[in-house]
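Here's the structure we're looking at; comments come further down.
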Amino acid sequence: MESVVPSVFLLMVNGQVESAQFPEYDDLYCKYCFVYGQDWAPTAVSWTLGPPLIGLEEGISQITSKSQDTRQLLTWNFPIDVTFKSTNPSGWPQIVLSVYGPDLFGNDVVRGYGVVHIPFSPGRHKRTIPMFVPESTSKVQKFTSWFMGRRPEYTDPKVVAQGEGREVTRVRSQGFITLLFNVVTKDMKKLGYDTGPVDSQGILTPNQPQNIL
């Protein structure tokens with residue numbers, strides 16, 4: 001009896017936005033959202049005997065303050081949990097991060113944007129993402145934005161995951177965020193795709209699962 005070839009594969013991701021380092025700032029919170037190609041869609045998967053649950057495509061963390069040790073970490077441990085289905089690995093999901101906090105006048109302003117692809121191979125992965133902020137193009141604009149409490153920011157944070165128009169944006173590096181991913185794939189090998197034992201970053205922990213379900 002021939003086995004039925006599935007029409008889609010699944011990418012299941014959970015983990016957390018662990019922590020951040022922004023030496024110049026405190027009392028920050030983080031937003032995340034996913035960006036993915038046309039062949040991808042969030043889907044519900046049942047892990048138990050209960051009804052299928054669909055993960056969240058976006059979220060916003062609590063406000064956190066720096067630790068009192070020398071690391072001065074901003075710790076969120078904010079959970080991520082989502083499942084995607086697709087027929088094509090093109091447009092592999094990316095997670096976009098935006099960090100906000102108060103300025104001198106108490107206004108919430110952006111402190112950093114960052115983006116990274118979901119790891120391609122199954123297992124446990126940790127990523128440290130460099131963050132950046134848009135910059136004003138002149139000193140007058142810089143002073144005006146500071147005085148008015150409205151520094152440059154993107155209307156839609158998802159633009160940082162797209163190449164179009166990015167080359168004309170002036171940015172400055174600012175801070176880092178650490179993410180933890182637990183990745184499971186299903187039916188990719190049956191459709192002829194092999195992610196291999198090592199992900200695109202070439203990082204593999206000694207006890208990391210290597211099989212594709």
Side-chain angles (χ1 to χ4, degrees), residues 8-22 28-37 39-48 52-62 64 71 73-99 111-132 157-162 175-189 191 193-213:
V8 299
F9 64 83
L10 298 180
L11 172 66
M12 293 160 273
V13 183
N14 64 48
Q16 58 188 14
V17 183
E18 282 194 339
S19 59
Q21 289 180 300
F22 284 83
L28 304 181
Y29 63 92
C30 178
K31 295 180 180 180
Y32 77 81
C33 62
F34 289 97
V35 177
Y36 43 86
D39 296 324
W40 292 77
T43 187
V45 173
S46 179
W47 295 95
T48 64
L53 300 175
I54 190 167
L56 296 177
E57 286 189 68
E58 56 185 30
I60 179 171
S61 76
Q62 74 279 15
T64 190
R71 297 178 302 165
L73 279 181
L74 294 146
T75 302
W76 290 300
N77 291 329
F78 187 62
I80 300 169
D81 191 356
V82 67
T83 299
F84 294 98
K85 66 179 179 179
S86 180
T87 58
N88 189 340
S90 177
W92 194 273
Q94 302 176 71
I95 184 169
V96 175
L97 301 162
S98 312
V99 175
R111 295 305 187 192
Y113 294 104
V115 60
V116 68
H117 279 91
I118 301 302
F120 296 99
S121 65
R124 185 180 179 89
H125 308 265
K126 182 172 282 192
R127 295 285 181 270
T128 299
I129 305 169
M131 307 293 284
F132 63 89
K158 292 182 178 181
V159 72
V160 304
Q162 302 162 0
F176 296 88
I177 284 187
T178 300
L179 278 78
L180 179 66
F181 296 103
N182 296 301
V183 177
V184 177
T185 59
K186 187 176 188 297
D187 293 332
M188 287 194 73
K189 186 170 289 187
L191 288 170
Y193 302 114
D194 186 4
T195 59
V198 181
D199 70 4
S200 63
Q201 302 296 322
I203 299 173
L204 184 65
T205 56
N207 59 350
Q208 182 176 315
Q210 299 184 18
N211 61 302
I212 298 180
L213 301 181

Could you please spell out the steps behind the side chain to side chain contact (heavy atoms under 4.5 Å, CB included) verdict for I80 and V17? CA-CA 7 Å; I80 300 169; V17 183; 3.9 Å; yes
Passes side chain to side chain contact (heavy atoms under 4.5 Å, CB included), L97 versus L179? Steps please. CA-CA 10 Å; L97 301 162; L179 278 78; 3.3 Å; yes
Checking F132 against V160 for the side chain to side chain contact (heavy atoms under 4.5 Å, CB included) test, could you report, in this order, the C-alpha distance in whole Å, the side-chain angles of both residues, the deciding distance, and whether it holds? CA-CA 10 Å; F132 63 89; V160 304; 3.9 Å; yes
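For Q16, the side chain to side chain contact (heavy atoms under 4.5 Å, CB included) partners two or more places apart in sequence, or in a different chain, are E18, N77, L180. With sequence neighbours excluded, no residue satisfies ring-ring contact (aromatic ring centres under 6.0 Å, His included) with F22. Take F181 and apply the ring-ring contact (aromatic ring centres under 6.0 Å, His included) test, not counting sequence neighbours, and it matches no residue. In this structure T64 satisfies the side chain to side chain contact (heavy atoms under 4.5 Å, CB included) test together with L74, W76, sequence neighbours excluded. Checked against ring-ring contact (aromatic ring centres under 6.0 Å, His included), W40 has the following partners two or more places apart in sequence or in another chain: F9, W92. With sequence neighbours left out, the side chain to side chain contact (heavy atoms under 4.5 Å, CB included) criterion links P130 to F176.
The shortest side-chain heavy-atom distance between M188 and F120 does not fall under the 4.5 Å cut-off. Looking at V8 and D187, their side chains never come closer than 4.5 Å, going by heavy atoms from C-beta outward. Side-chain atoms of V13 and I95, non-hydrogen and from C-beta on, never get closer than 4.5 Å to each other.
Shown here for L73 and S19, the closest heavy-atom pair between the two residues is CD2-OG, 4.1 Å. For the residue pair C30 and I177, the shortest heavy atom distance occurs at SG-CD1, 4.2 Å.
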